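Only heavy atoms go into these numbers, but all of them, side chains included; no hydrogens, no water, no symmetry mates. The structure presented is a predicted model; accordingly, all values stated were derived computationally and were not measured. Whatever order the structure lists ligands and atoms in, that order sets their numbers, starting from 1.
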Amino acid sequence: MKRLLWISALFLYSLFFFLQSPASANEGIDVRLLQNGGNLYAEDKQTVLEKLPAKSFIIILEKQESWSKVRVSDKTGFVKNAATSAAPYTLMKVSSSNQPIIRQTNEKHSTQLATVSNGSFVFVYAQTTNGFSLIRTTKTVGYVYSTTLVKPASVKMIVSHKNGAAIRLAPTMNEPIQTTLKPQMTVTAYKISTDWLYVTSGPIAGYALSSKFTVPAAPKPTTKPTTTVKRVALTFDDGPHPTVTRQILKTLAKYDAKATFFVTGRRVDLSPAVLKEVSTAGHEIGNHTYNHPKLTTLSSKEAREQITATNAAIKKVIGTEATVFRPPYGAYNDTVKSLTSLPFVLWSVDTLDWQHHDPVKMLQIVKKQAKNDSIILMHDIHQTTADGLDAVLNYLSTEGYEFVTVSTLLAK
Ligand code: ZN
């Protein structure tokens, strides 16, 4: 229980539970509210003893069919049940160096009814202007000095016992069970003692054994756990190509690798089935313009058409547009950047596969330059790239790298 964070008390607004309980050991100590005021009648139920103002609290001494015998301050009389309603209360804790006296009225010299133990919990209905609080304990209703009460801390808990949690009117096993909270129900709990909680859940409120509850598990941390897993994003540009791309897909599948393919619209139109295979295999599709121009040399209109025509070509085949954009030759400026909302993705490792057409050199460059979070540039239009890929993936996976799409890499 030590590690519990007890937060400040909530106001409790229901007496439902207590009012549901018929005559019990606590008979005569209910508190009700005359929301709109009403008359206090003599025993003949005709003679008006006193006109009670709106929002008067009355102490129920005895409940009859449609009338209740009540005490208001130091007067006893009768009120119609229909005029009364549940009295809202707050759970408070007694905090005093001695045992505060419960008085019949809010006057220093009024009748002393009982005392209340330091550390015990009471229900508080109202505070008077002269420094008293109207309280109810399990045995007594009356007034104590407000300075003897403090707000108790509460905490959210859940019913953890498989049979639920029995609710009682007082923190003792001798009290009859009033109702049982179902397993997994959430409650607001106040620690009464080592063994007992005062709990509220909707209209239900009462005492329960603390062993029937647990603090709900903390939500899983949303931050990524720090692990030693290294990741790279493999990217393939300028495809799709009917044979090269398909060979690359096979190699990627062998290593359970996910990659990103920056396709041109022109090649998508030529080989839509290949694009479909790439997408179906779970790889990411990027937009690499329609026919690979240097966008910075085009007008805005022409450049925009390069991007939108490619998105349209992709969408026609796989049903969705590209999720990332890579400008040909890595060439862009602010104007180009403003033409699409897609994230611009360049690279950090250039395998120069388009230049040397040499699987050995491709592997050497990767060995030398790849590190955690690298974005590796290759092209799926060169047979040598497809031929050299297995060695590259073999090396990187031996080094502990996982292969993810650029969006996955950039999302962290
Ligand atoms: Zn390119």
Side-chain angles (χ1 to χ4, degrees), residues 232-249 251-252 257-272 274-275 277-279 283-300 302-315 317-318 321-333 335-337 339-340 342-359 361-362 365-366 369-370 374-389 392 403 405-407 409-410:
V232 292
L234 305 167
T235 65
F236 298 93
D237 288 13
D238 300 357
H241 186 283
T243 56
V244 176
T245 304
R246 283 182 167 130
Q247 186 178 330
I248 285 171
L249 288 179
T251 307
L252 291 172
K258 292 291 175 269
T260 304
F261 290 76
F262 288 95
V263 299
T264 63
R266 189 179 68 86
R267 283 195 174 270
V268 168
D269 284 344
L270 287 173
S271 307
V274 183
L275 179 73
E277 286 168 40
V278 173
S279 176
H283 304 295
E284 184 169 27
I285 306 299
N287 182 323
H288 195 44
T289 73
Y290 194 80
N291 55 12
H292 212 269
K294 197 169 189 177
L295 292 175
T296 50
T297 66
L298 302 185
S299 70
S300 289
E302 291 168 327
R304 183 184 283 110
E305 278 168 7
Q306 284 283 334
I307 299 168
T308 54
T310 305
N311 272 341
I314 293 167
K315 190 172 183 179
V317 178
I318 64 169
E321 293 186 353
T323 44
V324 283
F325 179 74
R326 175 175 284 171
Y329 316 103
Y332 71 96
N333 53 27
T335 308
V336 172
K337 197 107 202 255
L339 299 176
T340 177
L342 290 176
F344 276 52
V345 177
L346 299 184
W347 55 86
S348 55
V349 176
D350 187 349
T351 62
L352 300 174
D353 59 337
W354 57 275
Q355 201 178 62
H356 52 61
H357 296 277
D358 184 344
K361 280 191 178 160
M362 192 165 86
I365 290 170
V366 168
Q369 296 185 20
S374 285
I375 297 176
I376 300 172
L377 171 63
M378 289 173 278
H379 296 80
D380 57 330
I381 51 170
H382 306 302
Q383 184 58 44
T384 44
T385 300
D387 292 342
L389 186 62
V392 168
F403 309 103
T405 64
V406 288
S407 286
L409 192 81
L410 298 175

Visitor: Should the heavy atoms of other residues, nucleotides or ligands under 6.0 Å from CH2 of W354 be counted, would the total exceed 12?
Guide: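 Open: at most 12 neighbouring heavy atoms sit under 6.0 Å from CH2 of W354.
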
Visitor: Among side-chain atoms of T296 and N333, is any donor-acceptor pair under 3.5 angstrom?
Guide: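 No, because no side-chain N or O of T296 sits under 3.5 Å from a partner of the opposite role on N333.
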
Visitor: Do E305 and T308 get their side chains close enough for a donor-acceptor pair, meaning under 3.5 Å?
Guide: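 Their side chains do not contain a donor-acceptor pair, so the 3.5 Å distance test is not met.
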
Visitor: Just to be sure I understand the site: which N, O or S atoms from the protein are less than 2.8 Å away from the Zn ion (ligand 1)?
Guide: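 As for protein N, O or S atoms lying under 2.8 Å from the Zn ion (ligand 1), they are D238 OD1, H288 NE2, H292 NE2.
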
Visitor: Quick one, L342 and V324 - any side-chain contact, counting heavy atoms below 4.5 Å?
Guide: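 No, their side chains stay 4.5 Å or more apart.
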
Visitor: Is the backbone of H379 close enough, under 3.5 Å, to the side chain of D237 for a donor and an acceptor to pair up by distance?
Guide: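 Checked: no pair found.
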
Visitor: Once side-chain hydrogen bond (donor to acceptor under 3.5 Å, both in side chains) is applied, do any residues pair with R304, and if so which ones, sequence neighbours excluded?
Guide: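 Partners of R304 under the side-chain hydrogen bond (donor to acceptor under 3.5 Å, both in side chains) test: none.
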
